[in-house]
Amino acid sequence: MGKGEFIMFVQELWKEERFSLRQICKGVCGVATMMSWLDGSWKPDMLFQNSILERLGVNEEDFMYYLDYDAYERWKERQIILHCITFRELEKAMGLLNVYKKKHFKNGHLEEQFCLTMYAQIRFGQGAVKEELSKLYKEALEKTVLDSELGQIGALVLSVQELHLLLDTEHYRKEGERQERYQEVVEYIEKRQYHQAARGKIYPKAVYYLCRCVKEKNGFLNAQEAERLLQYCEQGIELLRDCERMYYLWELLDMSMGLVHKMAEEMESQGQQRKAQALKELHHEKEVWKHALENVYAEKGVPKETIEDCYLYVVKGVACLNDVIRVRRQMFGMEPKELCAGICDIRTLRRLEQRKSKVQWEIAKRLLERLGLPGEYTRIELVTGNIEVYRDMRKLREVVNLGKWQEANALLKKMGRMVSMEYPCNGQVVQMEELLIRWRRGEFDAKTYCIQMREVLERTLPYDAFLSEGEKYLTNEEQTCILNRMQGLDMYSEEFLTCMCRMEKYYQPYIEEGIWEGGWNMYEFVMSNVGSMWGNQGEYDLADLYSGRILEGCLRFRRMGLIHNSIYDRWWNYDQRKSNGISTAQVLDDEEELSKCILFSYLAKDQRRIKNYIKKLETVKDLG
């Protein structure tokens, strides 16, 4: 966001929440420190920014962070630890965490909290006893929230990370769990104005802990109590479907099935057969979803239970400022003198690019803007401090998915009036969305579409700079522009193949370095498209490699959105092999695979894909 835009965004969040500054920053920093950030006189580090954003209800994945080289390496170390825990490489994770602690543990209580939390997650995986875990989680929580303050959590401003620590502190509590505490946390989350992604990361866990505790403490539940808990479970499941995530989804499905069964028995005993039948149908629906999850988790060897909470600590969209400036300058074919003219001297730029020195943020900001990038420390998809635009952008995704073109156009026009078009990336986002809507409505041919999408891309990046050899740095919007343009190209053309190869090379380091999670929201989107395109080229093994990797990543990171797409791509590759007489060791059932696609697209509320899969299944049945 331009000068002051991000601070305006934070201030609007603060106004909506109506908490005092003292409440927001208590345990993280002093009021004077917070004020120095809000008046623009101090630039905080990423940990501080994230902790305040989370307390204000934001835990999103579409921010962009440009960090200097040492902060970037610190982020990378954290990401690899998180990756090792998520992939159950616990001994390696412990070794890396010990190294990290020696370097950073005393760099403030936020770092201490991270280290203690990661240690607890590793020790849980290694079978630590309840007493040890209780002590670790309690110690981690008290780095920012004192135990003496937890008598009335309604007066506190807590992040989803702190709520997670609070839940696990209660879960392993020496004196035993308290139903009242879990109820208090659930109600706290419901009252707070957490953004959807943040709410989705903590509400399902809180609901599951509450329901499990009530069942274990009370044993027999009457119909009224069962109905109350079922309502919580249903709200948690629907929230996960809305944000396309699967945190504690299997657990909530299992819990809701038990509650529905109990209620159905009660209705039958009272002679209310119609209500009992409706409950049995609901039970069957949940059972189908649960078994589908179990099957796909088992296939990839991923635990169906949510056994770690690393997703709360993953920070996406991070790049090294020094490398970004160097790479973009080379992509643009600019000499150092040309880039730094009027901004800084050549020596400053060279030392910056060689990671030999840091630079004042105002200088870095101007260099980034000259390279077609938003000169902001942190931003979201559109450069704006207006929360309404932020929400409209998410609404736009929903209405486009439903094919509501008139509503989508109205939202775009509204956003176009509310954001500054002085920022090239803003015009790029708005124009790209307008173009995609017109393309999907069939308003022009592929050639015209490709020409116009190239114009959209070149608001910030020359297309030839992407096609050429060499290192790349691309914003999420630029990657999306390129992929959208590829949809209109001849898939056998040299240009199309070059685009695929550039995208593959761009994302390979994320896999090789074990930092999948750091770019996963774009990796799954980009590489699922690239994998499908390789399948269209007849490179079925390569296509299967990508669909398999994306499926495993989605399961480990508890992301629902592209599971159906990965299953479909795998089936499509199999079907093409079979049609072309290519032998394959794997045998798939056509109707079974397409039914899975329908189910998982239904779970993700992807209406467009549901229709496509149903049509494909009908065709398969007719041919069969």
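When reading the values below, keep in mind they use all heavy atoms of this one structure, side chains included, and skip hydrogens, waters and symmetry mates. Counting from 1, the numbers follow the sequence of the chain as shown.
- Partners of Lys205 under the salt bridge (charged side-chain N to carboxylate O under 4.0 Å, His left out) rule, at least two apart in sequence or in another chain, are Asp168, Asp309.
- Residues Leu293 and Met246 form a side-chain contact, since some pair of their non-hydrogen atoms from C-beta on lies under 4.5 Å apart.
- Using a distance-only test at 3.5 Å, with no hydrogens or angles considered, no donor-acceptor pair links the side chain of Glu244 to the main chain of Met560.
- The distance from the CH2 atom of Trp75 to the CG atom of Leu67 is 8.5 Å, given to the nearest 0.5 Å.
- Summarising the geometry of Ile189 relative to Arg199, their closest heavy-atom pair is O-NH1, 2.6 Å, with the distance given to 0.1 Å.
- Under the salt bridge (Lys or Arg N to Asp or Glu O under 4.0 Å) test applied with Glu478, the options Arg328, Arg459, Lys472, Arg485 reduce to a single match, Arg328.
- Remark: the backbone N or O of Gly519 is not paired with any side-chain donor or acceptor of Tyr507 at under 3.5 angstrom.
- Between Trp439 and Phe444, the angle of the ring planes stays under 30°, which puts this pair in the parallel group of the 30/60° scheme.
- One finds a salt bridge joining Lys605 and Glu238 here, because a Lys/Arg side-chain nitrogen approaches an Asp/Glu carboxylate oxygen to under 4.0 Å.
- A heavy-atom distance below 4.5 Å is found between the side chains of Cys499 and Leu467.
- Shortest non-hydrogen contact noted between Pro204 and Leu252 is CB-CD1, 3.8 Å.
- Taking every heavy atom of both residues into account, Leu368 and Ile325 meet most closely at CD2-CG1, 4.0 Å.
- Nearest approach of Glu234 to Ser256, heavy atoms of both residues: OE2-CB, 4.3 Å.
- None of Leu489, Asp445, Asp490 except one satisfies the side-chain contact (heavy atoms from CB on, under 4.5 Å) rule with Cys450; the exception is Leu489.
- Taking the six-membered ring for Trp and the full ring otherwise, Tyr510 and Tyr523 have centroids separated by 6.0 Å or more.
- Legend: salt bridge (charged side-chain N to carboxylate O under 4.0 Å, His left out) pairs involving residues 559-569, not counting sequence neighbours, sorted by first then second residue: Glu61-Arg559, Glu524-Arg559.
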Chi angles and distances behind the salt bridge (charged side-chain N to carboxylate O under 4.0 Å, His left out) call for Glu593, Arg570 = CA-CA 9 Å; Glu593 294 300 300; Arg570 178 182 64 184; 2.9 Å; yes
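- Stacking of Arg558 on the aromatic ring of Tyr248 is not recorded, the 6.0 Å distance cut-off and the 45° axial limit not both being met.
- Among pairs with a residue in residues 188-197, those fulfilling salt bridge (charged side-chain N to carboxylate O under 4.0 Å, His left out) read Glu17-Arg192, at least two apart in sequence or across chains.
- Taking the six-membered ring for Trp and thresholds of 30 and 60 degrees, Tyr390 and His195 have ring planes inclined between 30 and 60 degrees apart.
- Note that SG of Cys481 and CG of Leu457 are 5.5 Å apart. Values are rounded to the nearest 0.5 Å.
- Between Tyr568 and Tyr613, the angle of the ring planes lies from 30° to 60°, which puts this pair in the tilted group.
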Just do the side chain to side chain contact (heavy atoms under 4.5 Å, CB included) check on Glu443 and Ile437 with the steps written out, would you?
-> CA-CA 9 Å; Glu443 293 186 18; Ile437 290 171; over 6 Å; no
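- Here the CD-CE distance, from Gln487 to Met453, works out to 9.5 Å after rounding to the nearest 0.5 Å.
- Under the 3.5 Å distance criterion, the side-chain polar atoms of Tyr449 are matched with a main-chain donor or acceptor of Asn484.
- Between Glu16 and Arg391, at least one side-chain nitrogen of the basic residue sits less than 4.0 Å from a carboxylate oxygen of the acidic one, meeting the salt-bridge criterion.
- A heavy-atom distance below 4.5 Å is found between the side chains of Val430 and Glu434.
- For Trp14, there are no ring pair (Phe, Tyr, Trp, His ring centres under 6.0 Å) partners at least two apart in sequence or on another chain.
- Taken from CD in Gln161 to CG in Asn50, the straight-line distance is 8.0 Å, to the nearest 0.5 Å.
- Between the side chain of Gln79 and the backbone N or O of Glu517 there is no donor-acceptor pair closer than 3.5 Å.
- The salt bridge (charged side-chain N to carboxylate O under 4.0 Å, His left out) pairs that include a residue from residues 496-511 are Glu469-Arg502, where partners are two or more places apart or lie in different chains.
- What you find for Ala543 and Gly531 is that their closest heavy atoms are CB-O, 3.2 Å.
- Residues Trp37 and Phe48 place their aromatic rings such that the two centres sit under 6.0 Å apart.
- For the pair Arg245 (side chain) and Leu240 (backbone), a donor-acceptor distance under 3.5 Å is absent.
- Two residues are said to be in side-chain contact when any heavy atoms from C-beta on lie closer than 4.5 Å; Glu407 and Lys395 meet this criterion.
- Taking every heavy atom of both residues into account, Leu474 and Met331 meet most closely at CD2-CE, 4.0 Å.
- In this structure, CG on Leu47 lies 11.5 Å from CD1 on Ile52, to the nearest 0.5 angstrom.
- Taking the side chain as every heavy atom from C-beta outward, Gln452 and Arg438 approach each other to under 4.5 Å.
- Between Glu369 and Lys365, some side-chain heavy-atom pair lies under the 4.5 Å cut-off.
- Looking at heavy atoms from C-beta onward, Val314 lies out of side-chain contact with His83 at the 4.5 angstrom threshold.
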Full working for salt bridge (charged side-chain N to carboxylate O under 4.0 Å, His left out) between Glu433 and Arg397 | CA-CA 10 Å; Glu433 294 297 337; Arg397 299 282 180 255; 2.9 Å; yes
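- At least one side-chain heavy atom of Tyr72 sits under 4.5 Å from a side-chain heavy atom of Val318.
- Here the side chain of Tyr65 pairs no donor or acceptor atom with the backbone of Val315 at under 3.5 angstrom.
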Given salt bridge (charged side-chain N to carboxylate O under 4.0 Å, His left out), test Arg55 with Glu162 step by step and report yes or no.
-> CA-CA 9 Å; Arg55 284 192 168 187; Glu162 289 166 328; 2.7 Å; yes
Distance-only donor-acceptor hits, side chain of residues 412-419, under 3.5 Å, sequence neighbours excluded:
from: Lys414; atom 1: NZ; to: Glu388; atom 2: OE2; distance (Å): 2.7
from: Lys414; atom 1: NZ; to: Asp392; atom 2: OD2; distance (Å): 3.1

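- Taken to the nearest 0.5 Å, the CD1 atom of Ile550 stands 11.0 Å off from the CZ atom of Phe525.
- When atom types are taken as modelled, the side chain of Arg608 and the backbone of Gly403 share no donor-acceptor pair closer than 3.5 angstrom.
- Asp606 places no side-chain N or O within 3.5 Å of a backbone atom of Ser601 that could act as its donor or acceptor partner.
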